[in-house]
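For reference, the structure is listed below as C-alpha cells.
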Amino acid sequence: MNKLIKLYVFAFLQIFWIVSAYAQAISPDAETLNQAKYFAEVGNYSQAEELLEQYKAQYGEDLEFLRVKARVLALAGDSKSAIEILEPLLASAPNDYNLLYSKTLAVASGHNPQGMLIYLNNLSLLDPNNIDTKNINRVLLTPLKPEVSANFAFQNNSDGTSYQLAGISASKLYSPSVKIFGGGDAMFLHATPASGFTAINGNSEVTYNRAWLGARKLINENFEVDAMGGGGKTAFHNNGIYELGVNYWNSNTLNGRLSHRQDLLTVSPLAASIGVIRNSNRVEANWMPDYKNTISTSFNYDTYSGNNTRWEYDLAPRRAFLRTSDFNLDLGLSGQWLGFSKPNALGYYSPSSYSRYAFTFFSYWKIDDDSGLSVVGSIGPQKGDPMTAYRMSGGIGAEYYYGIYKDLFFKVGVSSLNYGATQGANYRSNNLMFSISYRGF
C-alpha cells in the first residue's frame with residue numbers, strides 16, 4: 001500500500017514538473033506575440049498593434065517581434081511595410097515557411113497577382129501538405145478562377161412602381177493582370193395606373209434588355225483601369241451603355257475610384273419609355289487613418305437628357321467597435337446631400353434639395369470560412385422637396401453568403417426602406433436579390 005502511495009506521489013510530482021516547465025517555456029513575452037498574431041488573424045488589427053507596441057517597449061525589435069509584426073502588417077493589408085521587414089529576413093532564411101507565408105500574403109494584398117502566384121507556388125513546393133498551404137491557396141486562387149453567375153432581383157415600392165430583373169454575367173482572367181467580363185439582363189418595369197409612372201403609351205410595363213462586354217487592367221500596385229460598353233433596348237428606344245473607370249490604392253490607408261457611366265434611367269416605366277439617359281460622373285474615396293476608423297466619401301455630378309443635372313455628396317465616417325473570430329461590428333454616422341437643377345415630370349423624383357443624416361451600423365457574422373451573414377442599417381432624419389420639415393427615415397438590409405471560397409457560390413439579400421413624409425404616406429421600398437455563381441472551370 002505504501003509503495004502504491006509513493007508511486008502516486010512520484011507520478012504527481014513528475015506531471016507537476018512537466019507542466020511547470022511547459023508554462024515557463026511559454027513566457028509572457030512570447031504569449032504577447034501569439035496574442036498579437038491571433039488578433040490580426042481575426043481582423044482586430046488595432047489590438048494587435050497595441051500588443052506589438054507593448055512588446056517592443058519592453059523587449060525591443062528582436063527577431064520574433066519582426067516576424068510577428070510582418071505577419072500582422074501583411075494581414076492588415078500594409079503590403080509595403082510588411083515586405084520591407086520580410087526581405088532581409090528571407091535573405092538569411094529563404095526556406096522559412098512562416099516568413100514565406102507572410103510574404104505571400106503581403107504580395108497578394110499589394111495588388112501584385114503575378115508575384116503572388118510565384119510566392120504561392122514556392123510556398124506550395126516547400127510544404128504542400130500543410131493545412132495552412134491548402135487554405136491560403138483556396139483563399140488567394142478562388143478570385144482568379146473563371147466565373148459564371150445567374151443574377152435575379154425584385155423591388156416593390158409604395159409609389160406604385162416595381163421591377164424584376166434576371167440576367168447572366170461571366171468573367172475570366174486573360175492574364176494575371178487582365179480580366180475580361182460581360183453579361184446581359186432583362187429588366188421588367190411596372191407601374192400601377194394610379195401612380196402616374198406608366199409608359200408614355202399608357203402601358204403599365206416596359207421591358208429593358210441590355211448586354212455588355214468589358215475589360216479590367218491592373219497597371220501597377222496603385223492603379224487599375226476598366227472599360228465597358230454595350231447596348232440596351234426597349235420597345236420605344238435603343239441606347240448605348242458604357243463605363244470608364246480608374247481605381248487607386250495607397251497601401252491600406254487610402255483607396256478610391258473615378259468613373260463615368262452612361263445608361264438608361266430605369267426608375268419607372270415612364271422614364272424608360274421617354275428614353276431618359278443618365279450620364280454619371282463619380283469620384284469616391286475611403287480613408288483609413290488608423291485600424292479603427294474609416295471615412296468614406298463620394299461626389300456625383302450627373303446629366304440627364306431633357307437638360308437636367310443632379311449633384312450628390314455623401315460622407316460616412318465609421319469606427320470598428322468589435323472584432324472577434326466570428327463577429328464584427330462597426331458603428332458610424334452618415335450624411336447625404338443632393339439636388340437637381342430643375343423639377344420635371346419625366347418619371348423620376350427630382351427635388352431641388354434633399355438631405356439625410358443617420359446613425360449607421362455594419363455587422364458580419366462569420367458562420368464558418370465559407371459562409372457568413374452581413375446585416376447593415378441606418379436611422380435618421382431626412383427632408384426633401386416638397387417636405388416642409390424633417391421626418392425620420394430608416395433602412396435595414398441583410399445578405400447571406402455560402403461558398404465564399406468554393407466553386408459554387410450563392411448569395412441572397414433582402415432590404416427594406418421606410419422614409420417619412422410631411423404629407424401623405426411614408427415612402428417604402430422592399431428589395432430581394434439572389435445570385436448563384438460557378439467557378440469550377
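Here the structure is a predicted model, which means the values were calculated and not measured.
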Would you list the atom pairs, donor with acceptor, under 3.5 Å between side chains in residues 325-337 and any protein atom, with sequence neighbours excluded?
residue : atom : partner : partner atom : Å
Asp326  : OD1  : Thr324  : OG1          : 3.1
Asp330  : OD1  : Arg323  : NH1          : 2.8
Asp330  : OD1  : Arg323  : NH2          : 2.9
Asp330  : OD2  : Arg318  : NE           : 3.3
Asp330  : OD2  : Arg323  : NH2          : 3.4
Gln336  : NE2  : Glu312  : OE2          : 3.0
Trp337  : NE1  : Tyr357  : OH           : 2.9

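- Aromatic rings of Phe409 and Tyr438 (six-membered ring for Trp) have centroids beyond the 6.0 Å cut-off, not under it.
- Counting only residues at least two apart or in different chains, salt bridge (charged side-chain N to carboxylate O under 4.0 Å, His left out) contacts with residues 288-300 are absent.
- By the 30° and 60° cut-offs, the orientation of the rings of Tyr242 relative to His260 is tilted.
- Legend: residues meeting side chain to side chain contact (heavy atoms under 4.5 Å, CB included) with Ala215, ordered by chain and number and at least two apart, are Ile180.
- For His111, the side chain to side chain contact (heavy atoms under 4.5 Å, CB included) test picks out Leu218, Trp249, with sequence neighbours left out.
- Side-chain contact between Lys56 and Phe65 is present, with heavy atoms from C-beta onward closer than 4.5 Å.
- Counting all heavy atoms, side chain and backbone alike, Phe340 lies closest to Leu338 at CE1-CD1, 4.4 Å.
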side-chain hydrogen bond (donor to acceptor under 3.5 Å, both in side chains) assessment of Tyr401 paired with Glu399: CA-CA 7 Å; Tyr401 312 92; Glu399 287 191 351; 2.6 Å; yes
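- Remark: Lys406 engages no residue in a salt bridge (Lys or Arg N to Asp or Glu O under 4.0 Å) (not counting sequence neighbours).
- Sorted by first then second residue, the ring pair (Phe, Tyr, Trp, His ring centres under 6.0 Å) pairs that include residues 138-157, not counting sequence neighbours, are Phe152-Phe434.
- For the side chain to side chain contact (heavy atoms under 4.5 Å, CB included) test, residues two or more places apart in sequence or in another chain that qualify with Thr309 are Tyr301, Thr303, Ser341.
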If you apply the rule side-chain hydrogen bond (donor to acceptor under 3.5 Å, both in side chains), what do you find for Asn112 with Gln114, and how did you get there? CA-CA 6 Å; Asn112 182 359; Gln114 184 65 56; over 6 Å; no
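- Aromatic pair Phe410/Tyr400: centroids not less than 6.0 angstrom apart.
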Run the side-chain donor-acceptor check on residues 138-150: report pairs under 3.5 Å with partners two or more places apart or on a different chain.
residue : atom : partner : partner atom : Å
Arg138  : NH1  : Asp370  : OD1          : 2.9
Arg138  : NH1  : Asp370  : OD2          : 2.9
Thr142  : OG1  : Arg138  : O            : 2.5
Lys145  : NZ   : Asp407  : OD1          : 2.7
Glu147  : OE2  : Ser149  : OG           : 3.4
Ser149  : OG   : Ser437  : OG           : 2.5

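- Side chains of Thr133 and Tyr101: no donor on one and acceptor on the other come within 3.5 Å.
- Arg319 pairs by the salt bridge (Lys or Arg N to Asp or Glu O under 4.0 Å) definition with nothing, not counting sequence neighbours.
- You'll find the side chain of Val206 stays beyond 4.5 Å of the side chain of His190, heavy atoms only.
- Residues that satisfy the salt bridge (Lys or Arg N to Asp or Glu O under 4.0 Å) test with Glu64, not counting sequence neighbours, are Arg67.
- Residues passing the salt bridge (Lys or Arg N to Asp or Glu O under 4.0 Å) test with Asp185, sequence neighbours excluded: Arg210.
- With sequence neighbours excluded, the residues forming a side chain to side chain donor-acceptor pair (under 3.5 Å) with Ser124 are Asn137, listed by chain and number.
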